[in-house]
Amino acid sequence: MSVRTTARDGIRRSTAARGLRATAVAMLAAAALASCTQDGPQDAASAPASPSAAPVDNADQAEQAASEASEATDEPALPAEPAPEAVRDAFATLQATLNDTCTPGAGDCAYFLGRVTRELTELDEAMRADPKGPGHFKQPLADMKALFAKLGTDRSTPHLEKHFTAIVGTRDGINTWMQDHPDDYR
């Protein structure tokens, strides 16, 4: 049995590698158990060699397989598409903009209007995905739909500044609606 003690191996044997190693050992044990119970009891002479015949060898093989697997995948797999935020979380980030403003044409609106528009988009997605259904959020969804129709796909600063009143008005109107529906954000 060889023991690797290099710094590189120490780094490679992360929590993920230990988890993979434990999973491999568990799978081997499950396979051994399944082979014992499938055909009923067998005598030692007629039983085929099982994966658990040499536990030390299997542990080494599982450890090596786990190490190779961790080298092949440096990062854990991410979901294909993140789930929308909860309405409560999306509203909290929009509400954080309530005391913020800018002066259209003064050069200080790019971040502010971009952020409010992004927060409204995320709140729209969260409301549509909420278990209560879009019917529960009828008014704010209608307000955001009207705003998004005005904005179209142009998110340039001059275009957003042109619609400053509509953007801020939609944000403030949704804040008022949400204050009347505390069960949606608490």
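Worth knowing before you read on, the calculation uses all heavy atoms, side chains too, and leaves out hydrogens, waters and symmetry mates. Since the structure is predicted, the reported quantities are computational estimates derived from the model, not experimental observations.
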Task: Which atom of M144 lies closest to which atom of L120, heavy atoms considered - done: SD-O, 3.2 Å

Give every donor-acceptor pair under 3.5 Å between a side-chain atom in residues 86-96 and any protein atom, sequence neighbours left out.
{"unit_1": "T93", "atom_1": "OG1", "unit_2": "A90", "atom_2": "O", "d": "2.9"}
{"unit_1": "T93", "atom_1": "OG1", "unit_2": "E119", "atom_2": "OE1", "d": "2.6"}
{"unit_1": "Q95", "atom_1": "NE2", "unit_2": "N175", "atom_2": "OD1", "d": "3.4"}

- [ ] To the nearest 0.5 Å, tell me how far T101 OG1 sits from L98 CG.
- [x] 11.0 Å

Please tabulate, for side-chain N and O atoms in residues 157-166, each donor-acceptor pair with protein atoms closer than 3.5 Å (sequence neighbours left out).
{"unit_1": "H159", "atom_1": "NE2", "unit_2": "L151", "atom_2": "O", "d": "2.9"}
{"unit_1": "E161", "atom_1": "OE1", "unit_2": "G105", "atom_2": "N", "d": "3.4"}
{"unit_1": "E161", "atom_1": "OE2", "unit_2": "G105", "atom_2": "N", "d": "3.4"}

Open item on the list: For residues 98-132, which residue pairs pass the disulfide bond (SG atoms under 2.5 Å apart) check, not counting sequence neighbours?
Closed with: C102-C109

TODO: Would you indicate whether the side-chain heavy atoms of M127 and P134 approach each other to under 4.5 Å?
DONE: no

Open item on the list: Enumerate the disulfide bond (SG atoms under 2.5 Å apart) contacts for residues 110-139, please, sequence neighbours excluded, ordered by first and then second residue.
Closed with: none

Open item on the list: Can you classify the ring geometry of W177 versus H136 as parallel (below 30°), tilted (30 to 60°) or perpendicular (above 60°)?
Closed with: perpendicular

- [ ] Please collect all salt bridge (charged side-chain N to carboxylate O under 4.0 Å, His left out) contacts where either partner lies in residues 134-154, sequence neighbours excluded, each pair once.
- [x] none

Task: Listed once per pair and sorted, the ring pair (Phe, Tyr, Trp, His ring centres under 6.0 Å) pairs that draw on residues 101-126, sequence neighbours left out - done: none

Task: Side chain proximity check, D124 to F148, heavy atoms < 4.5 angstrom - done: yes

TODO: With salt bridge (charged side-chain N to carboxylate O under 4.0 Å, His left out) as the test, would you mind laying out the steps for D100 and R171 before giving the verdict?
DONE: CA-CA 11 Å; D100 295 343; R171 175 199 66 183; over 6 Å; no

- [ ] Supply the atom-to-atom distance M178 CE to Q139 CD, rounded to the nearest 0.5 angstrom.
- [x] 13.5 Å

- [ ] Report yes if some heavy atom in the side chain of T103 is under 4.5 Å from a heavy atom in the side chain of D108; otherwise report no.
- [x] yes

